[in-house]
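Right, one structure below, let's go through it.
Bear in mind the structure is a predicted one, so any value in this text is a computation, not a measurement. Remember, it's 1-based here, ligands and their atoms both numbered in the order they're listed.
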Amino acid sequence: MPEITGGTRLVGVMGWPIAHSMSPPMHNAAFCQLGMDCCYVPLPVHPDDLPQAVAGLRALGFVGCNVTIPHKQGVWGCVDQVSEDAQAVGAVNTLIPTENGWYGGNSDIPGFLWSLKEAGYDPMGKGALVLGAGGAARGIVYALAKSGAQVHIANRTVARAETLAAEITGLLPTAQIESLPLVPRALRAAGDGASLVVNTTSLGMWPHADRSPWPDGLPFPRHAIAFDSVYNPLRTRFLHQAAQAGAATITGLKMLVYQGAVSFEWWFDVAPPTDLMYAVCLQHLGRS
Ligand code: NAP
């Protein structure tokens, strides 16, 4: 923990519950390494108290704040301006103070793209298969389509995939997005043309680590990169299936760390030590 002084600048994360968030340890480790007199605190905020909590941030002199489940949509009414990305996906996860009040941004989108770039993957002109059509899929499909990928969304409830495809196409008229059911025949066809397969379903998340959205018996496209938004456990069954087929893999922990790093840069205009932040999260996962 950094030493708290009279001049310590505060940032934090609002959620409900928030006790298990990895953001405080990863940001505080970065402050220590950079010698910054700052502290990142978990802020348990009941949904009924969100407007007062956001107003209180300014009164308490916070330099910025993250917002997580269940407030990513509710915080909308508490900010004065919203970024284009946050508006597109309907979710704010970072509050930045400005002269005109709070500015709401979404660092999940650049955080996801950063993890692809690190793996040497450029979505432009490529085929991407996204499994799932919930909240995480919304940001990921938008990020991929905006980066020029041709996206297939496969979801158990296909109507939800169709709605998501229509909404993102409404925002990005040149986007190429198709929807399909999460069944082996459809996945085989879409997987053949995909160089990236992303799991955005919650399948495989602890304590149900034996589950995967990729059907048993269907060969994983071995030339594709597999990305799993689930990060607990780190090595999910989905990533294991991909690795066994010879595919490269990216863990969801990368996205978690990079969204934090992007927020950090927005607040302080300083690049944080992402390797250290990743190591701290790994340690934290190991303990939980
Ligand atoms: P969500 O909105 O509840 O969506 C869940 C998705 O999983 C839906 O597409 C749902 O399909 C599908 N699903 C659930 N159970 C299923 C089953 N038994 N069979 C097939 N599909 C099933 O959840 P979310 O907010 O998108 O979160 C999804 C995952 O992303 C979570 O594990 C979360 O921790 C992770 N996440 C990670 C990061 C990161 O930084 N790495 C960021 C955000 C989220 P239906 O539509 O058919 O119900």
Side-chain angles (χ1 to χ4, degrees), residues 13 15 17-18 20-23 26-27 66-74 85-86 89-94 106-116 118-119 129-144 151-165 167-168 179-184 186-187 197-216 218 226-239 249-264 274 277-278 281-282 284-285 288:
V13 56
I18 197 65
H20 298 291
S21 170
M22 289 195 279
S23 293
M26 82 171 171
H27 282 273
N66 282 130
V67 180
T68 189
I69 294 165
H71 300 318
K72 286 186 180 187
Q73 285 80 31
D85 282 352
V89 300
V92 165
N93 81 332
T94 309
N106 184 308
S107 65
D108 284 331
I109 294 167
F112 168 68
L113 291 174
W114 185 341
S115 66
L116 295 186
E118 183 188 50
L129 172 58
V130 176
L131 314 178
R138 181 170 292 271
I140 283 174
V141 169
Y142 173 78
L144 288 170
V151 186
H152 283 86
I153 309 170
N155 198 42
R156 175 179 64 177
T157 311
V158 73
R160 211 173 168 196
E162 285 165 358
T163 302
L164 179 57
E167 285 174 1
I168 303 291
S179 46
L180 39 115
L182 190 69
V183 296
L187 292 181
V197 183
V198 181
N199 174 34
T200 72
T201 76
S202 41
L203 289 177
M205 197 162 72
W206 188 88
H208 305 291
D210 58 332
R211 306 192 70 187
S212 166
W214 194 261
D216 282 325
L218 178 66
F227 176 99
D228 202 336
S229 61
V230 173
Y231 54 79
N232 188 13
L234 187 69
R235 292 276 158 207
T236 58
R237 175 136 188 274
F238 171 73
L239 291 185
T249 60
I250 307 173
T251 72
L253 198 60
K254 290 280 180 182
M255 177 174 164
L256 183 87
V257 168
Y258 292 146
Q259 63 76 30
V262 169
S263 296
F264 192 106
T274 49
M277 290 161 82
Y278 190 81
C281 288
L282 270 185
H284 198 80
L285 273 184
S288 65

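In terms of polar-atom proximity, T201 is not counted as a contact of ligand 1, lacking any N or O under 3.5 Å from an N or O of the ligand. Distances between N or O atoms of G252 and those of ligand 1 include at least one value under 3.5 Å. Residue contacts with ligand 1: K72 is placed with no nitrogen or oxygen under 3.5 Å of a nitrogen or oxygen of the ligand (distance criterion only). Inclusion of Y231 in the set of residues having an N or O under 3.5 Å from an N or O of ligand 1 is not warranted. Close N/O approach between G132 and ligand 1 is not found [any backbone or side-chain N/O within under 3.5 Å].
Atom 46 (O) of ligand 1 is flagged as protein-proximal [any protein heavy atom, distance under 4.0 Å].
Protein heavy atom at the shortest distance from atom 36 (N) of ligand 1 is S229 O, 3.8 Å. Annotation: atom 11 (O) of ligand 1 to nearest protein heavy atom, N155 OD1, 3.3 Å. Of the protein's non-hydrogen atoms, the one nearest atom 14 (C) of ligand 1 is S202 OG, 3.6 Å. Among protein heavy atoms, atom 28 (C) of ligand 1 sits closest to T200 O, 3.1 Å.
For ligand 1, the atoms lying closer than 4.0 Å to a non-hydrogen atom of V230 are 32 (O). Set against the non-hydrogen atoms of R211, the atoms of ligand 1 under 4.0 Å away are 18 (N). Atoms of ligand 1 found under 4.0 Å from any heavy atom of M205, numbered from 1 in the order shown, are 31 (C), 32 (O), 34 (O). In the vicinity of R160, heavy-atom distances shorter than 4.0 Å reach the ligand 1 atoms 2 (O), 8 (C), 45 (P), 46 (O), 48 (O). Residue A136 approaches ligand 1 through these ligand atoms, each under 4.0 Å from one of its heavy atoms: 24 (P), 25 (O), 26 (O), 30 (O), 44 (C). Listed by number with element, the atoms of ligand 1 under 4.0 Å from a non-hydrogen atom of G134 are 2 (O), 4 (O), 9 (O), 26 (O).
No salt bridge links R138 with D108; every basic N to acidic carboxylate O contact stays at or beyond 4.0 Å.
Side-chain contact, N199 with T201: a donor N or O sits under 3.5 Å from an acceptor N or O.
Under a 4.0 Å heavy-atom criterion, M255 is in contact with ligand 1.
For V67, the side-chain contact (heavy atoms from CB on, under 4.5 Å) criterion is met by H71, V75, L95, not counting sequence neighbours.
A heavy-atom distance below 4.5 Å is not found between the side chains of L285 and W206. F238 places none of its side-chain heavy atoms less than 4.5 Å from the side chain of L203.
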